[in-house]
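Note that this is a predicted model, so its numbers are computed, not measured. All ligand and atom numbering here is 1-based and tracks the order in the structure. Atom set for the values below is all heavy atoms of this structure, side chains included, hydrogens, waters and symmetry mates excluded.
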Amino acid sequence: MKKRILTGDRPTGKLHLGHYLGSLENRVKLQDEYDTLILVADIQALTTNWENPEALAVDVRQAAEDNLAVGVDPDKVTFVVQSMIPQIAELTVLYSNFVSVNVLRHNPTIKSEAAQRGYNDLMYGFLGYPVSQAADITFCKAHVVPVGEDQVPHLELTRKIVRRFNELYKPVLIEPEALVGRVGRLVGLDGNAKMSKSMGNCIFLSDDTSEVLNQVNKAVTDPARIRASDPGHPDICTVYAYHLAFNDVEKEDIAERCRGGLIGCVACKKRLAGVLNDLLEPVRERRDELKKHPGRVDEILRAGTAKALLLAEETMREVREALQIAYFS
Ligand code: TRP
């Protein structure tokens, strides 16, 4: 029996290179070895987007399409629409009974997200979304969860919930492990702490060649470097951080030339744009292919969700029994 992966995306628009390095790359790499489920977390998206539910119909499909475009194979991987698995909502309520409000308040990802969005009086749903995420992960008894670094606190909470549940009631849940991508967090090309849609510094997986070039050209480099012949400092250069993440072949050579003043920032950026476009080219091709078959994404979402529902029903049966609320069976 293969071990199981569950991971997810909030459908709030196009996915970007930060998502790729944090989690998507691992999904593709591990899809043969693991029985993989990818959750399109539309209910979680509503915790910040509850006023604009009309965007979800497009964004749910966009999230699935981005995954398929980077090479997630729908014949191997099960795509799941969160809102169509009612057991996730049921489990969330049951777990909520033994997760304290203070623990949620101190969750560093909740804190920084709330600050970034200017929330002060937190909504119950937003504060509690890590509990719902524990339900996402446990409904199918996942062993491994590929995620970006910012999700690690949520995984820790999930593990606590599982341990508590198993000891309070009956050991039916699996304690999952986080698998963080090889680059936990991708800095923004503009020098910001991370690539993020709200900061407008993203290279999207669906960007074309000129959009990539444009973002790379805007990138900040070593500020002490005026002329190309000045010795540079790759360790403090944003563009170099991208070479480290995406340009395995040339990264050492570039660092050496930069330090020696033998490659200028313009040339260095040009190489980076080339590497990123090489990475994205097959992604574009797969996306174009997908666009030729309208309805294909919906089919994949529908079939995957139906399959996941069976797992959810099975887990829910065991959970009800463990809680001794399986009154009539
Ligand atoms: N919170 C994740 C994010 O913002 C998305 C997500 C929802 C998720 N449910 C999940 C990730 C379950 C891993 C497992 O990216």
Side-chain angles (χ1 to χ4, degrees), residues 3-27 30 34-49 56 59-60 62-64 66-67 70 72 77-85 87-89 91-92 95 104 107-114 116-117 125-159 161-162 173-181 184-186 194-198 202 205 304-305 308 311-312 315:
K3 282 196 169 182
R4 181 164 292 147
I5 278 179
L6 179 124
T7 185
D9 302 303
R10 247 186 235 185
T12 55
K14 303 180 277 188
L15 300 182
H16 55 64
L17 283 180
H19 296 117
Y20 179 77
L21 280 187
S23 174
L24 296 175
E25 186 184 40
N26 267 333
R27 298 175 192 181
L30 298 172
Y34 288 83
D35 171 20
T36 301
L37 290 89
I38 295 178
L39 187 80
V40 184
D42 55 343
I43 298 284
Q44 191 175 115
L46 285 171
T47 65
T48 58
N49 270 4
L56 280 174
D59 289 345
V60 163
Q62 173 82 43
D66 276 328
N67 274 278
V70 298
V72 171
V77 169
T78 307
F79 282 86
V80 189
V81 179
Q82 188 188 29
S83 63
M84 293 174 75
I85 308 286
Q87 291 81 0
I88 292 177
L91 291 172
T92 304
Y95 299 163
L104 293 168
N107 179 305
T109 298
I110 289 283
K111 272 171 47 183
S112 69
E113 237 184 313
Q116 202 192 319
R117 294 173 184 277
F126 174 79
L127 181 67
Y129 90 70
V131 183
S132 162
Q133 193 157 322
D136 296 343
I137 295 164
T138 52
F139 91 81
C140 63
K141 301 191 179 175
H143 303 94
V144 178
V145 186
V147 280
E149 188 183 55
D150 60 327
Q151 299 295 305
V152 171
H154 301 340
L155 256 294
E156 269 158 24
L157 179 70
T158 301
R159 291 165 63 89
I161 288 174
V162 167
L173 301 178
I174 301 285
E175 198 174 321
E177 261 170 66
L179 180 71
V180 178
R185 162 176 301 181
L186 186 62
K194 65 173 185 169
M195 184 174 274
S196 152
K197 213 168 50 177
S198 57
C202 292
L205 299 171
T305 303
L311 298 173
T315 301

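When hydrogens are left out, the protein atom nearest atom 7 (C) of ligand 1 is Gln44 NE2, 3.3 Å; that is the closest non-hydrogen contact. Counting only heavy atoms of the protein, atom 9 (N) of ligand 1 lies nearest to Asp136 OD2, 2.7 Å. Of all protein heavy atoms, the one closest to atom 3 (C) of ligand 1 is Gln151 NE2, 3.5 Å.
The Leu6 neighbourhood of ligand 1 comprises atoms 12 (C), 14 (C), with distances under 4.0 Å to a heavy atom of that residue. Atoms of ligand 1 found under 4.0 Å from any heavy atom of Val145, numbered from 1 in the order shown, are 13 (C), 14 (C). Counting the atoms of ligand 1 from 1 in the order shown, those under 4.0 Å from a heavy atom of Ala41 are 7 (C).
Atom CD of Glu177 sits in a sparse spot, with 12 or fewer heavy atoms from other residues, nucleotides or ligands closer than 6.0 Å. The environment of NZ in Lys141 is crowded: more than 12 heavy-atom neighbours from other residues, nucleotides or ligands sit within 6.0 Å.
Note that Arg117 lies outside the cation-pi zone of Phe126, set by a 6.0 Å cut-off to the ring centre and a 45° limit from the axis.
In Asp150, neither the side chain nor the backbone holds a heavy atom less than 4.0 Å from any atom of ligand 1.
When only interatomic distances are considered, the shortest N/O to N/O separation between Asp9 and ligand 1 does not fall below 3.5 Å. Backbone and side-chain nitrogen or oxygen atoms of Thr7 are examined, and none is located within less than 3.5 angstrom of a nitrogen or oxygen of ligand 1. Remark: ligand 1 and Gln133 share an N or O pair separated by less than 3.5 Å (distance only, no angle test).
With Thr92 contributing its side chain and Ala135 its backbone, the two residues share no donor-acceptor pair below 3.5 Å.
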* Leu179 and Tyr34: CA distance, side-chain angles, deciding distance, side-chain contact (heavy atoms from CB on, under 4.5 Å) verdict -> CA-CA 13 Å; Leu179 180 71; Tyr34 288 83; over 6 Å; no
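Side chains of Leu205 and Leu17 form a contact here, defined as non-hydrogen atoms less than 4.5 Å apart.
Of the listed residues (Leu39, Val72, Thr36), just one forms a side-chain contact (heavy atoms from CB on, under 4.5 Å) with Phe79, and that residue is Val72.
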